2 protein chains.
Amino acid sequence: MATGHTDPHRRERILDATLDLIAEEGIARVSHRRIAARAGVPLGSMTYHFSGMEELLREAFGRFTDHIVAVFDARLGAAADRDQARTAVADLVHSLSEESQRDLVLTQELYTLAARRPAYRELTHEWMRRSRVHLEKHFDPATARQLDALIEGLTLHRALAREPHDRALTVEAIARVTTTDHDAATDRGATTDRNTPGPDAGTS
Amino acid sequence: MATGHTDPHRRERILDATLDLIAEEGIARVSHRRIAARAGVPLGSMTYHFSGMEELLREAFGRFTDHIVAVFDARLGAAADRDQARTAVADLVHSLSEESQRDLVLTQELYTLAARRPAYRELTHEWMRRSRVHLEKHFDPATARQLDALIEGLTLHRALAREPHDRALTVEAIARVTTTDHDAATDRGATTDRNTPGPDAGTS
DNA sequence: AGTCACAGTGTACGTTCGTACGCTCCAGGG
DNA sequence: CCCTGGAGCGTACGAACGTACACTGTGACT
């Protein structure tokens, strides 16, 4: 019986099942058999569609990166001005850290792989690059980089903290990093968009 | 032969070997046998000293947390004033992100576990708590939290970036988050140590 | 209708795994 | 000197693993 003839979504279903499994059980507990069982495909399909575990994982995380980049695009791309960008960043931090346990865990798994293996670092580079493109529409490059790192740190700490910090703290941190009145940051080359002191600091 | 009779460091050696193996190969490739081989102990020792993989991993990461907390203590504890604290934070970010691949990878592995399992979150709580204690000697609690998150984000992004940012950017980000002149942050309860506008912003 | 190429599958093989458990051998008391 | 309790080890067992490969059934083509 060659039932797969009629199902062109086999590959995608396998990749989704892989990500689900990783999110729930961790990369250490992933196996061809468990993925196959979860995806509802025979074991033989695994080696038919993917040359091995390696390729499977890389494609799965590629798929995840596409997803998370889309989330960033949707959130940050909609911001029309600097202040909306700040709000969008705060929204992003809070939605990532309190909804979507799945995305959070998968992000960590990806970073863990990326910390050790350059092949996976390509995926994180693309992710960072895309998010900086959005941020640089509203802030100078140095600020964008700092803000990008801040998003990462705030999201992670909020997700792991015993008592997650409230939105006011997120908003304040963002305001501080993106407000460059007092001095400096002027020679840091705000090429496309000069940084003016934000009108409202909007702390708490 | 009961050679272990004379070696009281068996346990510690096993734990160190576990961390080394995780750092090099990832948690997915850890097994009793591989750990035993690396530690130079017989397989039987594994189940003798530890009830199972679970206990082994938890103790290993407990040991790692002790180590990393000691690093934070050494770096941040030495700072005498606010400005030294800022420098110490910058040093910390850069030493974690460019030396000690091992610590970086293990940190990610720990976070990955913590994101999924509360038991490991205890370890990260302790770590965060200790680092905030240091930061709160020089900054108000809200600033300390923001700075703590910023350290995390800067370290990770610097470690994973294709072209790691230079020290000036780290220093600037720290300055921005810890300088609260223009307004606000005054009602956010700087209990032990009121936040005055830093004398020099010390950007680049 | 008959044939064929090949997408897709079931199964078997060799390896590695965690763990249990009977055995060894030493330190200390008699 | 002998005896003995228990710390520590070697090994064996069943389960699970990744992967290769012979096979099956179907749609397309003549």
Side-chain angles (χ1 to χ4, degrees), chain A residues 1-63 109 112-113 116-117 119-120, chain B residues 1-63 109 112-113 116-117 119-120:
Chain A
M1 201 209 334
T3 62
H5 244 298
T6 60
D7 183 5
H9 304 317
R10 266 271 193 287
R11 264 183 85 91
E12 283 74 11
R13 279 229 322 273
I14 291 175
L15 291 172
D16 286 340
T18 304
L19 289 174
D20 286 347
L21 195 59
I22 294 173
E24 283 176 26
E25 310 239 23
I27 246 187
R29 298 180 66 86
V30 166
S31 75
H32 277 158
R33 282 160 219 266
R34 264 200 272 255
I35 294 169
R38 179 179 266 267
V41 302
L43 176 59
S45 283
M46 302 304 293
T47 46
Y48 177 74
H49 288 290
F50 303 93
S51 74
M53 211 65 253
E54 178 80 15
E55 179 181 328
L56 179 52
L57 287 182
R58 204 150 37 206
E59 281 206 41
F61 277 107
R63 200 172 158 80
E109 294 276 10
T112 303
L113 289 170
R116 207 166 13 232
R117 306 227 264 126
Y120 290 93
Chain B
M1 202 204 337
T3 63
H5 246 297
T6 60
D7 183 4
H9 304 317
R10 265 274 191 285
R11 265 183 85 92
E12 281 76 10
R13 279 229 319 278
I14 291 174
L15 291 173
D16 286 340
T18 304
L19 289 174
D20 286 347
L21 196 59
I22 293 173
E24 283 176 26
E25 310 238 23
I27 249 188
R29 299 180 64 86
V30 165
S31 76
H32 277 159
R33 282 161 220 265
R34 264 201 271 256
I35 294 169
R38 179 179 267 267
V41 303
L43 176 59
S45 283
M46 302 304 293
T47 45
Y48 178 75
H49 287 290
F50 302 93
S51 72
M53 209 69 253
E54 177 80 15
E55 179 182 329
L56 179 51
L57 287 182
R58 204 149 39 204
E59 281 206 40
F61 277 106
R63 200 171 158 79
E109 293 277 10
T112 303
L113 289 169
R116 206 167 14 233
R117 306 229 261 124
Y120 290 93

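Every chain is numbered from 1, with letters handed out A, B, ... down the list of sequences. Since we're looking at a predicted model, the values are computed, not measured.
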Does a side-chain heavy-atom distance below 4.5 Å link [X] with [Y]?
{"X": "B:Arg29", "Y": "B:Leu21", "value": "no"}
{"X": "A:Arg10", "Y": "A:Arg13", "value": "yes"}
{"X": "A:Asp16", "Y": "A:Arg63", "value": "yes"}

To the nearest 0.5 Å, how far apart are [atom1] in [X] and [atom2] in [Y]?
{"X": "A:His32", "Y": "A:Thr47", "atom1": "NE2", "atom2": "OG1", "result": "7.0 Å"}
{"X": "A:Leu15", "Y": "A:Phe50", "atom1": "CG", "atom2": "CZ", "result": "4.0 Å"}
{"X": "B:Ile22", "Y": "B:Arg34", "atom1": "CD1", "atom2": "CZ", "result": "12.0 Å"}
{"X": "A:Ile35", "Y": "A:Leu43", "atom1": "CD1", "atom2": "CG", "result": "10.5 Å"}
{"X": "A:Leu19", "Y": "A:Leu57", "atom1": "CG", "atom2": "CG", "result": "9.0 Å"}

What's the angle between the local helix axes at either end of the helix from C:dA1-D:dT30 to C:dG30-D:dC1, using five pairs per end and rounding to 10 degrees? 10°
Output yes when a side-chain donor or acceptor of A:Arg116 lies under 3.5 Å from a complementary backbone atom of B:Ala23, and no otherwise. yes
Rounded to the Å, how far apart are A:Met46 CE and D:dA16 P? 18 Å
Check the distance between C:dG8's P and A:Arg10's CZ and give it to me in whole angstrom. 8 Å
Sorted by number, the residues of residues 48-59 of chain B with heavy-atom contact under 4.0 Å to DNA chain C: B:Gly52, B:Met53
Enumerate the residues from residues 20-45 of chain A whose closest heavy atom to DNA chain D is under 4.0 Å, giving them by residue number; use none for an empty result. A:Ser31, A:His32, A:Arg33, A:Arg34, A:Leu43
